[in-house]
Amino acid sequence: MLLAVLPALLLAGMRSWGQATPNRVPDLAQRLGCFACHSLKGRGGKLAAPLDGVGGRLSAKELGKALTHPRQLHPAARMPSYAYLPPAEQKMLLKFLESLK
């Protein structure tokens, strides 16, 4: 029985490999170093604006631009561009930021 189900489980796992899931966002943000400068719920850096409420302050378009071309919104920003990220990770970060209202 298990041998009959195993190929289906492997195939399902391969399809989900690398797909963006909301519970991976904090790990991705941590890996990218977001919390070295930004804080969230009082934890993290203080060099840049807190992420609390950012989804209510900026539109989806502005958030996207902040991720890929941060100096277009804030010329003095030291934040790196994340335009190099795979589209799924960019979308995951954008949705995460949009949810912070």
Side-chain angles (χ1 to χ4, degrees):
M1 175 73 172
L2 180 60
L3 290 176
V5 176
L6 191 56
L9 291 173
L10 288 173
L11 184 59
M14 288 171 57
R15 263 187 256 142
S16 66
W17 182 265
Q19 287 183 349
T21 57
N23 60 349
R24 288 180 40 208
V25 171
D27 291 338
L28 177 60
Q30 189 71 34
R31 177 174 57 89
L32 295 173
C34 300
F35 302 117
C37 296
H38 296 279
S39 65
L40 181 62
K41 297 179 182 177
R43 299 179 74 193
K46 300 194 184 322
L47 297 174
L51 295 179
D52 302 284
V54 72
R57 293 192 309 268
L58 300 175
S59 69
K61 185 176 181 177
E62 291 169 320
L63 288 169
K65 189 164 293 265
L67 290 174
T68 58
H69 299 90
R71 284 164 203 74
Q72 287 184 5
L73 288 177
H74 303 287
R78 295 171 128 188
M79 183 171 142
S81 169
Y82 294 109
Y84 69 89
L85 290 175
E89 289 186 348
Q90 286 184 29
K91 184 176 180 180
M92 185 171 42
L93 279 175
L94 180 60
K95 292 297 179 189
F96 171 65
L97 294 172
E98 286 179 302
S99 75
L100 299 176
K101 295 187 180 195

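Screening residues 71-87 for salt bridge (Lys or Arg N to Asp or Glu O under 4.0 Å), with sequence neighbours left out, gives no hits.
Qualifying side-chain hydrogen bond (donor to acceptor under 3.5 Å, both in side chains) partners for Q72, counting only residues two or more places apart in sequence or in other chains: K65. Under the side chain to side chain contact (heavy atoms under 4.5 Å, CB included) criterion, T68 pairs with A83, Q90, not counting sequence neighbours. With sequence neighbours excluded, no residue forms a salt bridge (Lys or Arg N to Asp or Glu O under 4.0 Å) with E62.
In this structure, CG on L63 lies 5.5 Å from CG on L97, to the nearest 0.5 angstrom. Annotation: the span from L94 atom CG to L85 atom CG amounts to 12.0 Å, rounded to 0.5 Å. Expressed to the nearest 0.5 Å, how far CD of Q30 lies from CG of L28 amounts to 10.5 Å.
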N/O donor to acceptor pairs below 3.5 angstrom from side-chain atoms of residues 32-53, sequence neighbours left out:
residue	atom	partner	partner atom	Å
H38	ND1	A49	O	2.6
D52	OD1	K41	N	2.8
D52	OD2	K41	N	3.2

Verdict with reasoning, K91 to E98, per salt bridge (charged side-chain N to carboxylate O under 4.0 Å, His left out): CA-CA 10 Å; K91 184 176 180 180; E98 286 179 302; over 6 Å; no
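The minimum heavy-atom distance linking Y82 with P80 is given by the pair OH-CG, 3.4 Å.
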